[in-house]
Protein chains: 2
Amino acid sequence: MATMHDVARLARVSVSTVSYVLTGARPISQATREKVRAAMAELDYQPHAMARGLASRRSRILGLLLPIDERGMGATETAFVTGAASAASAAGYHLVLSPVDADDLDGLRRLASQRMLDGALLMEVQLEDDRVAVLREAGVPLVLIGRTGDTTGLSYVDIDFDRTVRDAVAHLVGLGHRRIVYVNHSATTIAEGYGPALRTRDAFAAAMAEHGVEPLMIPAEDSAAGGRAALDTAFDRAPDLTAVLAMNESAVFGILSGLAGRGLTVPDDVSVVSMVTSPQVAELATPALTAMTSPGSALGRIAVEALLCHLEQDSAPIHQQLLPCTLEVRGSSGPSGRPTGDAAGDDEQETQPAAALPRDGGPRGVPARYSRGEW
Amino acid sequence: MATMHDVARLARVSVSTVSYVLTGARPISQATREKVRAAMAELDYQPHAMARGLASRRSRILGLLLPIDERGMGATETAFVTGAASAASAAGYHLVLSPVDADDLDGLRRLASQRMLDGALLMEVQLEDDRVAVLREAGVPLVLIGRTGDTTGLSYVDIDFDRTVRDAVAHLVGLGHRRIVYVNHSATTIAEGYGPALRTRDAFAAAMAEHGVEPLMIPAEDSAAGGRAALDTAFDRAPDLTAVLAMNESAVFGILSGLAGRGLTVPDDVSVVSMVTSPQVAELATPALTAMTSPGSALGRIAVEALLCHLEQDSAPIHQQLLPCTLEVRGSSGPSGRPTGDAAGDDEQETQPAAALPRDGGPRGVPARYSRGEW
DNA sequence: ACGGTCTGTCGAAACGCTTCGACTAAGCGC
DNA sequence: GCGCTTAGTCGAAGCGTTTCGACAGACCGT
């Protein structure tokens, strides 16, 4: 392997000159630069990552800290990871996958003190997450995926659950549905303070209230059986339901089969919309699921870019961004045929001032569902 | 951050002594060792990864080379990745995720010459894969996930497709099925020489022949619609079919819905077995899919361990290992009720000598399906 | 008492790069 | 023509480890 010395010798310049050609840290004349470039090409020179890292104190390695999660990653997380990896790679960085047990704070501290990571992405952030404090103390620039309860001074990217739920509810209300059941994660998951479950619960209540209809939430275990059980409960408590909004990818398949078991057709009798779902999974169902498609890989990319900003100039402002899931209408949602016969329900929607819409929301006064393509 | 110098000063020894305490490369007296340990603890010393890497010429970083694949990773690949990451982490190594376009050989060469990777795992290996040659030239120790056509001198781990198909077929034949259709990946995928599609195709033909029944393979696009289409073709060509074995996770859901559309019940009228499937996905279907569960995370772990062997002692023998998917019987397979009425079909199975079983196969002479738990 | 092997320790030279200070010319305003 | 800045280059000092050769002493058989 050729080193910088070899290049310098061949180009008849000093090592530092070669380095400056590479990094651009100081001006180098056109002529010299070309000589050096030629020498590098001839020797097939590649800078030695470790040496560069040691000297410059920057490893060009980013850490993706994922909790060791026995049940494994879902499609959304996977998309996130690959998105982050591509973005890092495109920027000339490497992404290391570090599984750290969520409560192995010592392990995390050790990892951080090895000075191998220029920065880190923290996945599956809890509302209260000690890992954040550990990494901050260790001086590791950080971007969260998800949010802690208190986000002051922290950069994060997360799904805009509020907007996502609103869009989903607007879609269903727009189709004439009034009795909509929200199937959330399990009761214990909610009790543990799992952010997405709590945020969507509240957003659902708010969105329904804005449309003047009553919210009903049912928790469900993350499984097909859990979904079926939740459906039974749902019919107990709201026999006239015409639509189900489900947070829970596994449960939604149980709901589908539960409906079929009751002799109900989707979407003619009951509409089903799945939250935070990947197209691949949505297409598995019959009919294919109308779903809020998670911005998995975009989240990954944005998180990496935000982190890189912090690295390039440490005065960079903190980056806090929410991305909504986008509605993709497939076969599992349709007009409500049954109870209420009233036109569409646009009026209720107007009662929500446009000011409540997130930054990039459509033109003022236009309800969200019209400003977003429903391909 | 404390350095080795600080530790050495505090412990009143030389830096090299500290180093020897850490690496064990030379004997150090009990007393000194404890002094040094104490100093390290007091200063909260952590070795600097880059410096160590530069001096020792070993980065303790492994690369996971995954092709940039727009349609993303499936559950099996994801499990593989997390398995590999945990194994690496447990061994004190880091795993970097390097998305490299499958035909960007220059990019790969560049990556390899940065000397950042001690070794690499190559995912989604094709039957002909130039990346292998590139990495070998660059002198990067390598373990393949999957196999090239010619595997001489190469270490790999892969799914034992042959055995997996055999076990699946044995399960169905044992249930009395005679007319079994194999739904493979798409015709173009097969034409491109995608290993798993070819290997399972051949294994299916062989397994069926051993049972004295005629094989029928239908290619299908990787989608629910593709599965439905394949099912139509299947019924055209074999109206009396009683079982479907499907390679293709997406297609299998289409097959299920296609069967329902024809008024056929699973498993009473037709049994369905899915190949290389994760439990999570299998549970989504109704009824839950009897499936060959892929050993995703075990593959990852084993691959990493094999790679580490090559690093520790470069004389290590090449490691070639196949892991079968394990049959998990759920609700989608059952006894064939319809055409043939003959007992079970054990006799045909015995014609395959046990010698063909891989290393850890059950006791000799016992058919595979009895030696494996069917929980 | 004498080489000879071990054990335990040290100092210094790498490892391959970045970066700082210094120096030389050249270009500029006045 | 004077000092001043600026462009372009060099040499050397790190960065924090590992590792090699050297060496002092202890322990051995003879």
Side-chain angles (χ1 to χ4, degrees), chain A residues 1-37 39-40 43-61 92 94 110 112-118 311-312, chain B residues 1-37 39-40 43-61 92 94 110 112-118 311-312:
Chain A
M1 281 293 110
T3 76
M4 251 180 156
H5 273 90
D6 302 326
V7 175
R9 198 172 334 117
L10 183 59
R12 309 186 154 287
V13 297
S14 75
V15 256
S16 43
T17 302
V18 177
S19 175
Y20 292 132
V21 168
L22 230 43
T23 63
R26 284 195 186 178
I28 295 290
S29 73
Q30 182 74 16
T32 321
R33 209 179 314 150
E34 272 160 19
K35 264 194 312 186
V36 172
R37 286 261 161 73
M40 295 201 295
L43 295 176
D44 212 6
Y45 170 75
Q46 280 297 124
H48 188 298
M50 297 279 131
R52 185 198 277 255
L54 178 58
S56 66
R57 261 139 287 217
R58 317 191 56 230
S59 63
R60 305 197 137 253
I61 296 180
H94 298 270
R110 222 171 302 130
S113 331
Q114 287 189 117
R115 320 253 93 206
M116 161 160 281
L117 268 33
D118 279 356
L311 299 184
E312 321 275 271
Chain B
M1 281 294 108
T3 76
M4 250 179 154
H5 273 92
D6 302 327
V7 175
R9 196 169 339 115
L10 184 62
R12 311 186 151 288
V13 296
S14 75
V15 258
S16 45
T17 303
V18 178
S19 176
Y20 291 132
V21 169
L22 230 42
T23 65
R26 284 197 187 176
I28 295 291
S29 72
Q30 182 76 16
T32 322
R33 209 179 315 150
E34 272 160 18
K35 262 195 310 185
V36 172
R37 287 261 160 72
M40 296 202 295
L43 295 175
D44 212 6
Y45 170 75
Q46 280 296 126
H48 188 298
M50 297 280 131
R52 186 198 277 256
L54 177 59
S56 66
R57 262 141 288 219
R58 318 190 57 229
S59 63
R60 306 195 137 253
I61 296 180
H94 298 269
R110 222 171 303 131
S113 335
Q114 287 188 120
R115 321 253 94 207
M116 160 159 280
L117 268 33
D118 279 355
L311 299 184
E312 322 275 271

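Here is how names work: the chains are called A, B, and so on, in the same order as the sequence lines, proteins then strands, and each is numbered from 1.
- Looking only at distances, no side-chain donor or acceptor of B:R26 sits under 3.5 Å from a matching main-chain atom of B:G24.
- For the pair A:I28 CD1 and D:dC10 P, the computed distance is 8 Å after rounding to whole Å.
- You'll find that the side chain of A:P27 is closest to D:dA7, out of D:dA7, C:dT7, C:dT18.
- Looking only at side-chain heavy atoms (C-beta outward), A:Q114 and B:R60 stay at 4.5 Å or farther from each other.
- Residue B:T3 has no polar side-chain atom (N or O) positioned under 4.0 Å from OP1 or OP2 of D:dC15.
- When distances are taken from the side chain of A:R26 to each of C:dC17, C:dC20, D:dC15, the shortest belongs to C:dC20.
- Residue B:S56 has its side chain nearest to D:dT19 when only D:dT9, D:dT19, D:dA22 are considered.
- Remark: side-chain polar atoms of B:R12 are not paired, donor with acceptor, to backbone N or O of B:L10 under 3.5 angstrom.
- The CZ atom of A:R58 sits 12 Å away from the C1' atom of C:dT18 (whole-angstrom rounding).
- In terms of position on DNA chain C, the residue among B:L54 and B:A31 whose nearest nucleotide sits closer to the 5' end is B:A31.
- At whole-Å resolution of the value, NE2 in B:H5 and P in C:dA12 are 11 Å apart.
- As rounded to whole Å, 7 Å separates atom P of D:dT19 from atom CZ of B:R57.
- A:H48 places its NE2 atom 9 Å from the C1' atom of C:dC17, with the value rounded to the nearest Å.
- The two atoms that bring B:S56 and B:R52 nearest to each other are OG-O, 2.6 Å, heavy atoms only.
- The distance from atom NZ of B:K35 to atom OG1 of B:T17, rounded to the nearest 0.5 Å, is 8.5 Å.
- Note: B:R57 CZ to B:D118 CG = 12.5 Å, rounded to the nearest 0.5 Å.
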Take A:M50 and A:L54 through the side-chain contact (heavy atoms from CB on, under 4.5 Å) test and state the conclusion after the steps. CA-CA 6 Å; A:M50 297 279 131; A:L54 178 58; over 6 Å; no
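- A distance-only check finds no donor-acceptor pair linking the side chain of B:R115 to the backbone of A:H48 [under 3.5 Å].
- Between D:dG8, D:dT18, D:dT17, one nucleotide has an atom nearer to the side chain of B:T23 than all others, and that is D:dT18.
- The distance from atom CD of A:Q114 to atom P of D:dG16 is 15 Å, rounded to the nearest whole Å.
- Checked by atom type and distance alone, the side chain of B:S59 pairs as donor or acceptor with a backbone atom of B:M116 at under 3.5 Å.
- Where B:A55 and B:Q30 each meet DNA chain C at their nearest nucleotide, the meeting point lying more 5' is that of B:Q30.
- In the region residues 12-22 of chain A, proximity to DNA chain C at under 4.0 angstrom, judged on heavy atoms, holds for A:S16, A:S19, A:Y20.
- Within the helix from C:dA1-D:dT30 to C:dC30-D:dG1, the inter-axis angle between the opening and closing five-pair segments is 30°, rounded to 10°.
- When the nucleotides D:dT18, D:dG16, D:dT9 are ranked by their closest atom to the side chain of A:S29, D:dT9 comes out on top.
- Counting to the nearest Å, the C1' atom of D:dT9 and the NZ atom of A:K35 are 10 Å from each other.
- For A:R52, the side-chain atoms get nearest to C:dT18 when compared with the rest of C:dG8, D:dT17, C:dT18.
- Formation of a donor-acceptor pair under 3.5 Å by the B:T23 side chain with backbone atoms of B:S19 is found in this model.
- Between B:E34 atom CD and C:dG8 atom C1' there is a gap of 15 Å when expressed in whole angstrom units.
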